[in-house]
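Chain identifiers are assigned alphabetically (A, B, ...) following the order of the sequence lines, protein sequences preceding nucleic acid strands; residue numbering begins at 1 within each chain.
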Amino acid sequence: MRLDKNFYRQDAVSLAKDLLGKLLVREYNGIRMVAKIVETEAYMGPIDKASHAYNNRKTNRTVTMFKDGGYSYVYFIYGMYNCLNVVCSDEGTPEAVLIRAVEPLEGIEHMKEHRTIKSKRVEDITNGPGKLCKAMNIDRGLNGCDLIAGKELYIVAETENVVTVNTVEYKEQYLNEEFSLIKATNKNFEIIATRRIGIDYAEEFKEQFWRFYIRGNKFVSKDAEKIKKRPV
DNA sequence: CCTGCGATCGTCT
DNA sequence: GACGATCGCAGGA
């Protein structure tokens with residue numbers, strides 16, 4: 001079941017939490033890959049010094065962030081990597097949610113083929129924003145995709161008809177003042193909220209707990225793993 | 001396990 | 001001309 005317009009018209013912080021547990025689907029040439037979203041970051045548009053669209057900065061790159069909720073925003077970074085965002089809020093309000101990590105559920109053999117790394121750890125295929133784009137064959141050609149009606153890239157809410165290929169044992173983790181723990185009654189997992197990654201330039205917005213991930217999920221990004229192991 | 005470093009080029013000033 | 005919403009590898013513990 002695809003998510004509808006109302007779902008994407010939320011603010012980025014709300015949507016970043018709501019996207020956890022949803023399924024990202026990538027289809028092309030008869031290939032189908034499905035992965036559960038396990039880590040996200042909110043970029044709150046005009047007010048957020050970490051956002052590409054801070055102060056309503058509108059350029060060739062950021063123009064897709066100004067679209068109505070429900071489109072993709074894919075950008076190229078560090079000369080090598082692509083990152084996938086979900087544009088949210090209303091048209092003219094440039095908010096977006098960065099997808100930072102996913103858990104492969106279907107088509108994992110295709111994801112492995114797209115990645116050329118020595119590591120044999122399954123988690124290393126998709127536990128970072130650049131990694132998951134490479135694994136799921138997502139690049140700037142998919143910038144501005146319609147996630148509600150498009151066929152190549154979309155997001156669904158249910159796990160029905162999906163075969164889980166990974167058997168994962170989740171471990172508990174420590175908490176300290178660097179986190180918030182979010183328990184939502186309508187979700188079967190808990191959410192950790194903490195600081196965002198790689199935005200040292202963002203001044204006071206570095207301190208916002210606008211990164212969210214599923215507590216105990218082993219496919220969260222390297223940094224989240226690290227925090228997980230930090231003693232209380 | 002963890003740390004440090006270089007890769008590599010589009011984007012914006 | 002400088003830098004980035006990152007990654008993979010080498011090397012040490």
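C:dC3 atom P lies 14 Å from atom CG of A:Asp200, rounded to whole Å. Summarising the geometry, the separation between CZ on A:Phe205 and C1' on C:dA5 is reported as 15 Å, rounded to the nearest angstrom. Separating the CG atom of A:Asn82 from the P atom of C:dG4 is a distance of 18 Å, rounded to the nearest angstrom. Rounded to whole Å, atom C1' of C:dG4 lies 14 Å from atom CG of A:Asn85. For the pair A:Ile77 CD1 and B:dA7 C1', the interatomic distance rounds to 14 Å; values are reported in whole Å. Rounded to whole angstrom, the span from the CG atom of A:Asp139 across to the P atom of B:dC9 amounts to 15 Å. To the nearest angstrom, C1' of C:dT6 lies 16 Å from CD1 of A:Ile99. Summarising the geometry, the separation between CD1 on A:Ile197 and P on C:dT6 is reported as 8 Å, rounded to the nearest angstrom.
At a threshold of 4.5 Å between non-hydrogen side-chain atoms, the residues A:Lys131 and A:Thr126 do not count as touching. Taking 4.5 Å as the limit, every side-chain heavy atom of A:Glu41 sits out of range of all side-chain heavy atoms of A:Trp210. Using a 4.5 Å cut-off on side-chain heavy atoms (C-beta onward), A:Leu84 and A:Leu24 make contact.
Judged as a salt bridge (charged side-chain N to carboxylate O under 4.0 Å, His left out), and not counting sequence neighbours, the contacts of A:Lys183 are A:Glu190. For A:Glu27, the side-chain hydrogen bond (donor to acceptor under 3.5 Å, both in side chains) partners two or more places apart in sequence, or in a different chain, are A:Arg32, A:Tyr154. Checked against side-chain hydrogen bond (donor to acceptor under 3.5 Å, both in side chains), A:Arg196 has the following partners two or more places apart in sequence or in another chain: A:Asp48. For A:Lys5, the side-chain hydrogen bond (donor to acceptor under 3.5 Å, both in side chains) test picks out A:Asp68, with sequence neighbours left out.
Phosphate contact (OP1/OP2 of C:dT6, side-chain N/O of A:Arg100, threshold under 4.0 Å): present.
Among residue pairs with one or both ends in residues 71-97 of chain A, those qualifying as side-chain hydrogen bond (donor to acceptor under 3.5 Å, both in side chains) are A:His52-A:Tyr73; sequence neighbours excluded. Applying the side-chain hydrogen bond (donor to acceptor under 3.5 Å, both in side chains) test to pairs two or more places apart or on separate chains, those with a residue in residues 200-209 of chain A are A:Lys49-A:Glu203, A:Lys49-A:Glu204, A:Arg195-A:Glu207. For the salt bridge (Lys or Arg N to Asp or Glu O under 4.0 Å) condition, the pairs that include at least one residue of residues 11-23 of chain A, sequence neighbours left out, are A:Asp18-A:Lys187.
Checking each of A:Ile214, A:Val13, A:Leu98, A:Val97 against A:Thr40 for a side-chain contact (heavy atoms from CB on, under 4.5 Å) leaves exactly one that passes, namely A:Val97.
Applying the 6.0 Å contact sphere to CG of A:Asn186 captures more than 12 heavy atoms from other residues, nucleotides or ligands.
Using a 5.5 Å limit on the distance between ring centres and a 30° limit on the angle between planes, the aromatic ring of A:Tyr78 does not count as stacked on the six-membered base ring of B:dA7.
Side-chain atoms of A:Met80 lie closest to B:dA7 of the nucleotides C:dG4, C:dT6, B:dA7.
Listed by residue number, the members of residues 44-53 of chain A with any heavy atom below 4.0 angstrom from DNA chain C are A:Ala50, A:His52.
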Inset, instruction - Can you run through DNA chain B from 5' to 3' and write each base as (, ), [, ], | or . depending on how it pairs? Watson-Crick or G-U wobble, both distances under 3.5 Å. - result: |||||||.||||.

Legend entry - Footprint string (nucleotides 8-13 of chain C, 5' to 3'): B base within contact, S backbone only, - free, heavy atoms under 4.0 Å: SSS---

When the side chains of residues 135-147 of chain A are checked against the rest of the protein, which donor-acceptor pairs come out under 3.5 Å, sequence neighbours left out?
from, atom 1, to, atom 2, distance (Å)
A:Asn137, ND2, A:Tyr28, OH, 3.3
A:Asp139, OD1, A:Gly141, N, 2.8
A:Asn143, OD1, A:Thr64, OG1, 3.3
A:Asn143, OD1, A:Val74, N, 3.0
A:Asp146, OD1, A:Ile148, N, 2.8
A:Asp146, OD1, A:Ala149, N, 3.1

Can you tabulate the close N/O pairs, meaning under 3.5 Å, that link protein atoms to atoms of nucleotides 10-13 of chain B?
from, atom 1, to, atom 2, distance (Å)
B:dG10, O3', A:Arg140, NH1, 3.3
B:dC12, OP1, A:Thr59, OG1, 2.0

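The cationic atom of A:Lys58 (NZ for Lys, CZ for Arg) lies less than 6.0 Å from the six-membered ring centre of A:Phe66 and within 45° of the ring axis.
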